There are 2 protein chains.
Amino acid sequence: METIISMETKQVNSLCDFPVFKTQNDLTLCSFLSSKKQIDLKKGEILFLEKEQYKGVYFICSGLLKIYHTKSKKHEFILGLGQKWDIIGIDSIISNNPYPHSVKVVSDAKAYFLSPDEMLELFGTNTDLRFGFLKEVCSNIKKIENRITSIVNKRIKGQLAEILLVSSDCENNYAASVKLSIQDISKLIGTTQNYIYKIISDFTENKLIKIENKKIKIINSSELSVIANGLE
Amino acid sequence: METIISMETKQVNSLCDFPVFKTQNDLTLCSFLSSKKQIDLKKGEILFLEKEQYKGVYFICSGLLKIYHTKSKKHEFILGLGQKWDIIGIDSIISNNPYPHSVKVVSDAKAYFLSPDEMLELFGTNTDLRFGFLKEVCSNIKKIENRITSIVNKRIKGQLAEILLVSSDCENNYAASVKLSIQDISKLIGTTQNYIYKIISDFTENKLIKIENKKIKIINSSELSVIANGLE
DNA sequence: TTGAAACAATGACATGAGTCATGTATGAAA
DNA sequence: TTTCATACATGACTCATGTCATTGTTTCAA
């Protein structure tokens, strides 16, 4: 069960902290990376829209973003989430194509931004770094292949159970629904908001979860896990 | 509507013919590529299984392959099809990871095979070539992102209509079902064989298609197109 | 303070999709 | 030639999911 929403607490202090840069001993490179400043990304802000010309790569330090396709104004589907340590926009830079999806800030975030020239400079001069970026791109393939298989094989109830489990705060069993609205959860799974309410109502009736202060608290995580794995 | 099954007729005579190699003027490289021989891939042959250690990259010249995940022996899901001009296995070589999916030959095929050493040699010495392979990986990401969005937004009936349309032989309007069995179509869409039969039965009753010599002939492609686009 | 609009949530009903059982056809083995 | 296993195809039934209408709550502007 892959983590959808990260619970990591280590703070990002420098672009150097990103795993992709960890192997570097090049002092000029480290100096350049250390000089970059984090930018603020406000909730609701759109980083870029699908088919827009690429304008750089974002290295996410904190907060939450959604990566989505829009079939029409009515039908938005969330392909994935962007959070700490994620790197957004590499594939467009590499392939010299417009962005293949849109990205929007779900909760206030911080990130480093590198322009196309800066990226190509990094990309061109350093073999280890190049392979690091390429591994990042390739791991995206595996991740989304796993996601499509999961969507096809699981009932919507199972997908919701999984989201609630992996995003729960282990200490208090509160699902991070404050980070992801019911509307966004429905778009992440690819169903309707009404149906998500229905399933949440069922889960509440069956005493798997309960609603406290508009938050979802998990009270039977083992049963939710059975549902998430499609084994009931 | 992206083509699922290629109808291209140009024959592949050399590894040089692949678009990714088209920009090359390096005589040593061309000589090496020209020396490679095609290998035969028999129907039913498995190129590799998910989680297997990578052993090379296949450049498909003819025939049809399926790229799939297996949840269990009972649940196989086809992530995509491999056919002429497709390159299979790049991401594992680049990321130095086992194969993230399995690949099986659906109808007799031919391909060029390059070992990891040969690939790394190509990859390491030539900037244009490197970018060409990376573009290939990035276009795979875009393709499967589009696929996942399509699956989530379309009814199964719409997906079947689309498969029948794009795989049809334009001259005779025969859907290439001889290339893809009903069983494999159901695995490509992610549904049951029985439900595919049901929809085909409905299409036949509504005079959109008809069965001739165990082949599906399209007789109302405009109506099928409406269904494929989810506009009925 | 009030009223309109937007959002949250529920219920009734309709449709899409899956499962199981059954019958027929085909091919391989005895 | 017969028998058995597998594949093909259909029908009945059940469950999952979506749509529409409705009610209640919250927010914001006048």
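In this text, all values refer to a predicted model and were calculated from it rather than measured experimentally.
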Where along residues 196-204 of chain A does a heavy atom fall under 4.0 Å from DNA chain D?
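Within residues 196-204 of chain A, the residues near DNA chain D are K198(A).
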Quick one: does [X]'s side chain get under 4.5 Å of [Y]'s, heavy atoms only?
| X | Y | value |
| --- | --- | --- |
| I200(A) | L160(A) | yes |
| Q53(B) | P98(B) | yes |
| I199(A) | T191(A) | no |

Report yes if at least one side-chain N or O of Y195(B) is closer than 4.0 Å to OP1 or OP2 of dG18(C); otherwise report no.
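For dG18(C), neither OP1 nor OP2 has a side-chain N or O of Y195(B) closer than 4.0 Å.
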Using only side-chain N and O atoms of Q193(A), determine if any of them is under 4.0 Å from OP1 or OP2 of dA9(C).
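Checking dA9(C) against Q193(A), no side-chain N or O comes under 4.0 Å of OP1 or OP2.
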Among K104(B), K66(B), Q183(B), H69(B), whose side-chain hydrogen bond (donor to acceptor under 3.5 Å, both in side chains) with E76(B) holds?
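By the side-chain hydrogen bond (donor to acceptor under 3.5 Å, both in side chains) criterion, E76(B) pairs with just one of K104(B), K66(B), Q183(B), H69(B): K66(B).
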Grab the [atom1]-[atom2] distance between [X] and [N] for me, whole Å please.
| X | N | atom1 | atom2 | answer |
| --- | --- | --- | --- | --- |
| R155(B) | dA17(C) | CZ | C1' | 10 Å |
| Q159(B) | dG16(C) | CD | P | 14 Å |
| K154(A) | dA16(D) | NZ | C1' | 17 Å |
| I151(B) | dA17(C) | CD1 | C1' | 15 Å |
| N194(A) | dG11(C) | CG | P | 12 Å |
| I156(A) | dG16(C) | CD1 | P | 15 Å |
| I216(B) | dC8(D) | CD1 | C1' | 13 Å |

T191(B) has a side chain; which of dT17(D), dG18(C), dG16(C) sits nearest to it?
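Among dT17(D), dG18(C), dG16(C), the one nearest the side chain of T191(B) is dG18(C).
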Rounded to the nearest 0.5 Å, how far apart are CD1 of I60(A) and CG of L65(A)?
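With rounding to 0.5 Å, CD1 (I60(A)) is 4.5 Å from CG (L65(A)).
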Quick one: OH on Y68(A) to NZ on K187(A), what's the gap to the nearest 0.5 Å?
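It comes to 9.0 Å.
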When you check the side-chain N and O atoms of Y58(B) and D86(B), is any donor under 3.5 Å from an acceptor?
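Side-chain D/A pair, Y58(B) to D86(B): absent.
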Verify the distance criterion only: is there a donor paired with an acceptor across the side chains of N220(B) and S222(B) at less than 3.5 Å?
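On atom types as modelled, these side chains qualify, holding a pair under 3.5 Å.
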Whichever of E205(B) and Q183(B) has its nearest DNA chain D nucleotide further upstream toward 5'
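Closest to the 5' end, via its nearest nucleotide, is Q183(B).
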N/O-N/O pairs, protein side and nucleotides 25-28 of chain D side, under 3.5 Å:
none

Mind checking whether Y112(B) and F18(B) have parallel, tilted or perpendicular rings, split at 30° and 60°?
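If you compare the ring of Y112(B) with that of F18(B), the planes turn out perpendicular.
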